[in-house]
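Reviewing the structure listed below.
Proteins get letters first, then strands, A, B, ... in listed order; numbering begins at 1 in each.
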Number of protein chains: 2
Amino acid sequence: MGSRETVNKILRLNTRDKSTLLRSSFIAQMGPTVVPAILELVSIVNVEARDVLFREGDHADAFYSVLVGYVRLYRLNKDGREADIRICGPSDTFAECLLALGDTYVYNAQAAEPVTLARFDLQRMRQIAEKNPEVLKAVIRCLSDHLLVSMDCIANDRLQTAPQRVAHYLLGSVNAEEGATSIRLPFQKSLLAGKLGLAPEALSRAFSSLRRVGVTVRGRTIQISDINALKDI
Amino acid sequence: MGSRETVNKILRLNTRDKSTLLRSSFIAQMGPTVVPAILELVSIVNVEARDVLFREGDHADAFYSVLVGYVRLYRLNKDGREADIRICGPSDTFAECLLALGDTYVYNAQAAEPVTLARFDLQRMRQIAEKNPEVLKAVIRCLSDHLLVSMDCIANDRLQTAPQRVAHYLLGSVNAEEGATSIRLPFQKSLLAGKLGLAPEALSRAFSSLRRVGVTVRGRTIQISDINALKDI
DNA sequence: CGCATCCTTGAAATAGGTCAATATCCGTGG
DNA sequence: CCACGGATATTGACCTATTTCAAGGATGCG
């Protein structure tokens, strides 16, 4: 029964989820030889908005890729204040550093909305990696990307003001090179605030200070009248 | 001649440097089979205090391990303000993420004092890694450690005040568990300030605010009268 | 012993956090 | 399709931590 259920979970991986998984930063780098073996050990997990996936210090037996929704990775200080470390969206992988680091989660993870995840068993993944350098290389790629993102985050926190961080985020989400565009935020503003290391109020104020360079906010929709003006902030 | 010189460089690797290199976070994880091959392609680099090793955007053909001294990894904003991303000391490896990421440095690196480095050629290292999963695993280990350090840094920047960051640093450098001790800072205070994401003045003030919990500063020597008192900051 | 560098201290300016009140958004159910 | 209500977001006022600028003091190297 237990195994029957597991098989069902895998079979139920719908076309859209499966293609997201195959295109995830982690899986996408591997060839047709290992991918099936990995898909064997993947299970699908659905969690509701605000559910805590795991906590810092918990025993870890899996890492994850996001298929649908957004997950918040964060730490707590002893007063219970929270600080986001990374926001993971579709195709992002997290906690994969535990492949090398140990069996304890090093941050908390919470679903910011209803989320679908691919779950990779750590032990079994280590076994597969042991036999397949291809997997090791994918892990290296993945870790390098995350390290780069983290270093960007440190530098931005230390060098940029709130409006600059917001401008930087907008420029990174924009398709066009210049002129006018509009963006739809993929998540709530409170999540963006956390991602940028700001209180929600500070994000609001940053947006309103960007009005003078042609940024208009209506709900999740952001109008940008001149991309180049944003770059000068 | 050129090759003669290279050989000399390697031969000149003195006992102390060599043992540091063999114990560096990167090399130490590998067995006797690959290590000699890697030592073959290592060259030793000496740079003077304040020398810039490379700049963000420079073409990259090597990564490094520190043997002696300290190296500052930092970014610039467009006004020329600097923010440290990581401080690397003896046995630390940096820029190894370029093995996967590309051939452009993603930050600036500057010697904070006279420094001796082991230089790993990226191309040749990639070739060795291709044949030796052991090397890939060492790289994963190394990247995971750096990622963890970076995430700690983000969380600390966002959650802790200046005195808390200093207390946290001191507690991490202390050997004893409780009672009184003293520490000798391994580098200048201005470097510590940068590492903690503070202006030098803020570090000074943080130290003087820690006086009331029994922290006394004289030059590079820090006296701590009660470790447990520090933990409560 | 002297000079340069590094560190500390003070005073003023600022960015952002916190708290509280109001406004807006959006999913739900009618 | 609209109206309702809870959750989100904005705004204002205040407060605190940290930066910045400027000057004085300590430190250590030659």
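Counting only N and O atoms by type, the side chains of A:S91 and A:S25 include no donor and acceptor under 3.5 Å apart.
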Which side-chain N or O atoms in residues 209-227 of chain A pair as donor and acceptor under 3.5 Å with protein atoms at least two apart or in another chain?
| from | atom 1 | to | atom 2 | distance (Å) |
| --- | --- | --- | --- | --- |
| A:S209 | OG | A:A206 | O | 3.1 |
| A:S225 | OG | A:G214 | O | 3.4 |
| A:D226 | OD1 | A:N228 | N | 3.0 |

Tabulate below the donor-acceptor pairs under 3.5 Å that side-chain atoms of residues 167-180 of chain A make, not counting sequence neighbours, or state none.
| from | atom 1 | to | atom 2 | distance (Å) |
| --- | --- | --- | --- | --- |
| A:S173 | OG | A:Y169 | O | 2.9 |

Can I get a per-line list of side-chain donor-acceptor pairs under 3.5 Å for residues 108-117 of chain A, giving both atom names and the distance, sequence neighbours left out?
| from | atom 1 | to | atom 2 | distance (Å) |
| --- | --- | --- | --- | --- |
| A:N108 | OD1 | A:E56 | N | 3.1 |
| A:N108 | ND2 | A:Y74 | O | 2.9 |
| A:Q110 | OE1 | A:R72 | NE | 3.0 |
| A:Q110 | OE1 | A:R72 | NH2 | 3.1 |
| A:Q110 | NE2 | A:R50 | O | 3.2 |
| A:T116 | OG1 | A:N46 | OD1 | 2.8 |

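For the pair A:D103 and A:L122, the minimum side-chain heavy-atom distance is below 4.5 Å. For the pair B:Y64/B:F26, no side-chain contact is recorded, criterion being any heavy-atom separation below 4.5 Å from C-beta on. Side-chain contact between B:I27 and B:S24 is present, with at least one heavy-atom pair separated by less than 4.5 Å. Side-chain contact between B:F94 and B:L73: present, with at least one pair of heavy atoms (C-beta onward) separated by less than 4.5 Å. The closest side-chain heavy-atom distance from A:R141 to B:C97 is not below 4.5 Å.
Look at CD1 on A:I233: it is 13 Å from P on C:dA15, rounded to the nearest Å. Here D:dT10 presents its C1' atom at 17 Å from CZ of A:R220, a figure rounded to the nearest Å. The CZ-P distance, from B:R218 to C:dC7, rounds to 16 Å in whole Å. Computed from coordinates, the A:R158 CZ to D:dT18 P distance equals 13 Å when rounded to whole Å. Atom CG in A:L196 sits roughly 15 Å away from atom C1' in C:dA15 (whole-Å rounding). Atom CG of A:L192 and atom P of D:dA9 are 10 Å apart (whole Å). Separating the CD1 atom of A:I222 from the P atom of D:dA9 is a distance of 11 Å, rounded to the nearest angstrom. In this structure, A:L210 places its CG atom 17 Å from P of D:dA9, rounding to the nearest Å.
Between the CZ atom of B:R23 and the CG atom of B:L67 there is a distance of 10.5 Å, given to the nearest 0.5 Å.
Within the structure, salt bridge (charged side-chain N to carboxylate O under 4.0 Å, His left out) contacts touching residues 189-199 of chain A (residues at least two apart or in different chains) do not occur. Pairs passing the salt bridge (charged side-chain N to carboxylate O under 4.0 Å, His left out) check and including a residue from residues 59-68 of chain A, sequence neighbours excluded, read A:D61-A:R119. Screening residues 213-233 of chain A for ring-ring contact (aromatic ring centres under 6.0 Å, His included) gives no qualifying pairs among residues at least two apart or on separate chains. For residues 143-154 of chain A, the set of pairs meeting the side-chain hydrogen bond (donor to acceptor under 3.5 Å, both in side chains) definition, not counting sequence neighbours, comprises A:R86-A:H146, A:E96-A:H146, A:D152-B:R75.
When every heavy atom of A:P186 is checked against every heavy atom of A:Y70, the shortest pair comes out as CB-OH, 3.2 Å.
For DNA chain C, runs of at least 3 consecutive pairs of the Watson-Crick or G-U wobble type, with both hydrogen-bonding distances under 3.5 angstrom, map to C:1-5 with D:26-30, C:8-30 with D:1-23.
Taking every heavy atom of residues 67-74 of chain A and every atom of DNA chain D, no pair lies under 4.0 Å. Near DNA chain C, meaning a heavy atom under 4.0 Å away, the residues from residues 181-191 of chain B are B:Q188, B:K189, B:S190.
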Using a cut-off of under 3.5 Å, enumerate the N/O to N/O pairs linking the protein to nucleotides 16-18 of chain C.
| from | atom 1 | to | atom 2 | distance (Å) |
| --- | --- | --- | --- | --- |
| C:dG16 | OP1 | A:A162 | N | 2.9 |
| C:dG16 | OP2 | A:A162 | N | 3.2 |
| C:dG17 | OP2 | A:A199 | N | 3.2 |
| C:dT18 | O4 | A:R205 | NH2 | 2.8 |

Table of protein N/O atoms under 3.5 Å from nucleotides 1-4 of chain D N/O atoms:
none

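Classified by interplanar angle (parallel below 30°, tilted 30° to 60°, perpendicular above 60°), the ring pair B:F120/B:F63 is parallel.
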